Amino acid sequence: MYTQAMDTAPKEERKPIRSAEEAQLEARFETRIDEGDFVEAKDWMPEHYRKTLVRQISQHAHSEIVGMLPEGNWVTRAPTLKRKAILLAKIQDEGGHGLYLYAAAETLGTSRDQLLDALHTGKAKYSSIFNYPTLSWADIGVIGWLVDGAAIMNQVPLTRCSYAPYARAMVRICREESFHQRQGFDALMVMMKEGTETQREMVQDAVNRWWWPSLMMFGPPDGESVHGAQSARWGIKRISNDELRQKFVDATVEQAKVLGVSMPDPLLKWNEARGHHDFGPIDWDEFWRVVGGHGPCNRERLAARVKAWDDGAWVRDAALAHASKQARKQATQEQAA
Ligand SMILES: [Fe+2]
Ligand SMILES: [Fe+2]
């Protein structure tokens, strides 16, 4: 989903430009970007642009596959066969998103093994939203509505990202995210309109717990965003964190009215002069705590990922053994011919 973490990596020094030739290449690159041109994997690009993209795309990929875990907990407990089928399809989509994105990151010269190693050793970040627990079935609906909803806000501008392999992956991902958002909203509508009082309370409780973490998904405020300005100049990030957050609040408040739930924010109200909703302060201390590894489920998520990787070792070994057997067979046939 989820590009927030790109703004939380430590600030890197820009390398000095070493030669006149490199300066010329960089100037040509900047002109192409200014003209709205897309960059392909084979094109020359500044090292810092490459690094920024590897960081952003891999963090995005990690978020997709870690995001499968909180929902995976509910596959066996889905209330009906229809909801189970929908949830399975959604979780599989997220796995697919991870694959498209790892493949896009690999076009920049970093191997998938390196990327996964960074995740499994705790060096790489993923979206902090997935470090919160899913306590009831209503959480699954609220994740679709709010978390996938926030992801769509973040990701639609990325379909115009200057790095073409990333932009192309995002087109497909966004179509699928829109199904994720709708299935979540639909599950909540059923609980709110046809459910019992207890079910309606479950939905409100889930909204209360997920609202603020969803707003944090857009990353730190614009003034504190480490990579924001450079990413905007390079056409990687087209709309700022705060603008996206505001768009999300404005859209979601209307949807909450249809559902019949309220947001846990007494300061949330329409501001006629601004033409937007005002909302209360976000607890950034909590955000940094969770990003720093101290959220409710950080350890559990990482342990589940590492276990899945270790459990899958025999599949990777078998696939490699099969591929080398096929290659040997083909080589023998070619020799005989
Ligand atoms: Fe996704
Ligand atoms: Fe999704």
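Each ligand, and each atom within it, is numbered from 1 in the order the structure gives. Remember, it's a predicted structure, so these values are computed and weren't measured experimentally.
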Specify which N/O/S atom of Glu64 comes nearest to the Fe ion (ligand 1), by atom name.
OE1
Angle subtended at the Fe ion (ligand 1) by His97 ND1 and Glu94 OE1, to the nearest 10 degrees, is 100°
Need the atom name: nearest N/O/S atom of [X] to the Fe ion (ligand 2).
X: Asp148; answer: OD1
X: Glu177; answer: OE1
X: His180; answer: ND1

Is any side-chain heavy atom of Ser162 less than 4.5 Å from a side-chain heavy atom of Tyr49?
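The answer is yes, as the side chains (C-beta and beyond) meet within the 4.5 Å cut-off.
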Other residues, nucleotides, ligands: >12 heavy atoms within 6.0 Å of [X] [atom1]:
X: Arg299; atom1: CZ; result: no
X: Lys269; atom1: NZ; result: no
X: Glu254; atom1: CD; result: yes

Any donor-acceptor pair under 3.5 Å linking the side-chain atoms of Tyr132 with those of Arg209?
no
